[in-house]
2 protein chains.
Amino acid sequence: MAASRHLHLTRISTTLFRNISVIRSNCKSVTCRNYHRTVTKSTEITYRKYGDPRQVLESNTVDVSNSVQPNEVLVKMLMAPVNPSDINMVEGTYFIRPSLPAFVGNEGVGEVVNKGSDVSALEIGDRVIPRDSGFGTWRSYAVSRVSDLMKIAKDIQPLAGATISVNPCSAYRMLKDYVTLQPGDYIIQNGANSSVGQCVIQLARQWGIKTINIVRNRTEIEDLKTYLKSIGADHVITEEFCRTPEMKPLLKSLRNAPKLALNCVGGKSSTELLRCLAPGGTMVTYGGMSKQPVIIPTGTLIFKEIRLVGYWNTQWNKNNVDNAERNNMFLDLCDLIRSNKLLPPKCQFVPISQFQKAVTTAMEGFKSEKQILVMDESLL
Amino acid sequence: MAASRHLHLTRISTTLFRNISVIRSNCKSVTCRNYHRTVTKSTEITYRKYGDPRQVLESNTVDVSNSVQPNEVLVKMLMAPVNPSDINMVEGTYFIRPSLPAFVGNEGVGEVVNKGSDVSALEIGDRVIPRDSGFGTWRSYAVSRVSDLMKIAKDIQPLAGATISVNPCSAYRMLKDYVTLQPGDYIIQNGANSSVGQCVIQLARQWGIKTINIVRNRTEIEDLKTYLKSIGADHVITEEFCRTPEMKPLLKSLRNAPKLALNCVGGKSSTELLRCLAPGGTMVTYGGMSKQPVIIPTGTLIFKEIRLVGYWNTQWNKNNVDNAERNNMFLDLCDLIRSNKLLPPKCQFVPISQFQKAVTTAMEGFKSEKQILVMDESLL
């Protein structure tokens with residue numbers, strides 16, 4: 001194929017990246033005068049070795065042909081968040097280490113700008129999100145097989161679409177799949193100000209479930225409490241408060257003890273959660289922000305019959321590719337987004353050309369706003 | 001009631017002890033010439049305060065009347081083991097702290113020697129075991145409601161009957177209730193030389209399940225390996241071996257990685273077990289001999305999808321009082337005992353009069369033989 005002289009078609013070969021064909025080019029100038037194709041400039045964020053994302057990430061401007069294979073579409077990416085898993089993947093500390101070089105970005109939203117002759121499930125102008133992790137969303141354009149994409153309604157704002165796959169889905173599944181919660185039941189979570197935490201608060205409110213939300217102390221703690229309560233939190237307390245004698249009366253005042261704990265911190269914080277759980281309760285771990293392991297007193301397992309499990313969104317997606325459960329979840333979430341009952345976390349929009357700034361801010365710590373890379377600057 | 005002048009009828013009021021009426025006497029001599037009753041001397045081991053069992057346990061000789069209420073039976077106890085939970089209960093470190101004074105002994109076997117006029121489910125001469133924990137088996141005689149007892153076939157030897165309720169049942173449930181094991185599947189356990197551990201080995205062998213058994217190192221380790229293999233262990237390794245590079249090839253040589261881990265140690269040992277488990281596997285904790293908590297790296301929960309639960313035999317019994325599941329389990333276990341496929345651990349028989357010696361030996365540590373108190377010295 002003549003184009004291969006200029007455009008290097010490669011398949012990234014890890015499990016995660018296995019279904020994604022991408023057009024990459026290391027040559028900065030492409031002469032296309034011999035081909036009846038439109039060639040568009042695309043910015044792509046990639047890495048050739050694992051390490052500190054502030055150091056190892058590269059931005060390349062490549063040429064992307066508008067021509068696609070019969071079963072492929074060309075997607076113009078609109079927005080993509082900087083998620084902790086993106087950072088960990090580049091660091092090489094994530095459970096999955098993609099083959100290098102690799103694109104960055106597991107989540108995002110794009111628009112179909114061209115489609116192959118065999119594609120019937122998508123139309124030009126459709127909004128799409130990756131079906132799986134590892135898509136490489138931090139780029140202006142992506143050529144993708146239709147089976148690697150999910151269509152998302154056009155009336156879902158780009159920010160909501162770009163951030164729907166990981167955090168709202170994680171919150172949804174953790175509230176649905178481990179414990180049968182009735183309206184009036186309590187759940188407790190740490191890292192409640194995280195993106196998942198905020199989704200948990202909002203979904204729980206919709207379903208009549210009460211939430212106890214633990215956050216780290218900070219100077220503007222009262223503002224944070226006000227904000228989390230404004231999106232539906234019933235109780236917002238600090239890690240420090242959990243360790244005071246006042247925690248006991250708070251727990252006693254509840255109609256019933258929490259049946260479900262959601263842990264994204266680990267270490268002491270997770271042990272505190274276990275203490276608050278009702279006998280027979282379940283703690284779901286979905287993150288380990290403290291980098292400390294989960295520590296469980298033996299008696300908590302045996303006599304309090306606490307069950308510990310982990311939730312990994314990537315795995316859930318793999319186990320539920322395109323089934324009714326997953327499709328219904330997206331329909332539910334989109335309905336809540338449309339009616340402003342599920343808001344994205346506070347965000348900062350950063351043009352993809354300034355990705356370094358976004359990454360640096362995201363890595364600064366827990367108080368920074370969620371960084372959203374914007375590929376189409378008209379959206380800024 | 002005239003007898004109350006001499007015999008003090010009390011109901012021990014904790015949850016565990018709630019259904020057991022016991023005849024206790026603080027007076028050492030009882031004059032019964034006015035009553036048409038046989039009075040038998042009974043040795044009872046009790047405690048008035050929590051503490052080191054070597055210090056706080058008392059032996060009392062009391063008089064027990066042969067006369068029982070219409071719905072009661074008089075049970076002559078034959079044998080009762082010294083279990084770790086008995087020790088912990090006396091220490092006050094167990095999850096349940098009975099009201100004091102209290103009898104000792106959660107497990108044992110006895111023979112019905114008299115029955116009330118309304119009793120039809122039991123006959124004189126029947127062998128019985130307590131239906132629940134907290135019976136107080138370390139005594140020569142007990143008056144009990146029929147509903148607090150289970151009949152056990154007379155052809156089950158007293159030692160097997162005295163030790164069937166806790167350890168074989170725990171092993172049975174842990175192998176049955178958490179993971180669906182097929183013949184050829186592997187399980188891994190620490191504390192494999194414990195009473196439960198030995199039952200696990202034997203039941204697994206019967207069901208075609210392969211076992212990897214971790215024990216603490218000791219001078220006579222080869223003897224122990226030989227013994228555990230003789231009862232059906234597939235692999236016997238030390239805690240130290242688990243931490244060597246040789247552990248990896250051993251795990252790789254298995255047809256499939258263990259789906260189930262049984263933990264009675266905690267601390268580092270439980271973290272080792274987690275490392276050996278197959279993705280999606282379950283670790284059941286039923287003890288914490290190291291007195292260290294269970295420590296789980298966050299990634300083990302999230303990415304390896306390991307599930308942690310606890311097993312408490314007392315609670316299982318409460319949830320399954322006299323149901324088909326429990327009755328079938330006892331039938332299964334008795335069949336295995338009859339055909340010598342489920343042997344009790346190596347035991348040392350000690351007359352109840354020397355209970356202090358038995359307790360001291362039991363507390364000396366993991367190398368001692370199981371101590372069995374014998375109430376009927378003709379069985380020695």
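In the text below, chain A, chain B and the rest are named by the order of the sequence lines, each starting its count at 1.
Contacts between residues 264-286 of chain B and chain A, counted as heavy-atom pairs separated by less than 4.5 Å, involve B/Thr285, B/Tyr286. Along residues 290-300 of chain B, the residues that come nearer than 4.5 angstrom to chain A, judged on non-hydrogen atoms, are B/Gln292, B/Pro293, B/Val294, B/Ile295, B/Ile296, B/Pro297, B/Thr298 in order of number.
Note: B/Phe303 and A/Trp312 have perpendicular aromatic rings, judged against thresholds of 30 and 60 degrees for the angle between ring planes.
Taken to the nearest 0.5 Å, the CZ atom of B/Arg307 stands 6.5 Å off from the CZ atom of A/Arg307.
Interface summary for chain A: among B/Asn263, B/Val309, B/Ile302, B/Ile306, the most heavy-atom pairs under 4.5 angstrom belong to B/Ile302.
Scanning for salt bridge (charged side-chain N to carboxylate O under 4.0 Å, His left out) contacts around A/Arg173 gives A/Asp177, A/Glu325, with sequence neighbours left out. With sequence neighbours excluded, no residue satisfies salt bridge (charged side-chain N to carboxylate O under 4.0 Å, His left out) with A/Lys304.
With a 4.5 Å cut-off on non-hydrogen atoms, A/Tyr311 touches chain B through its backbone but not through its side chain.
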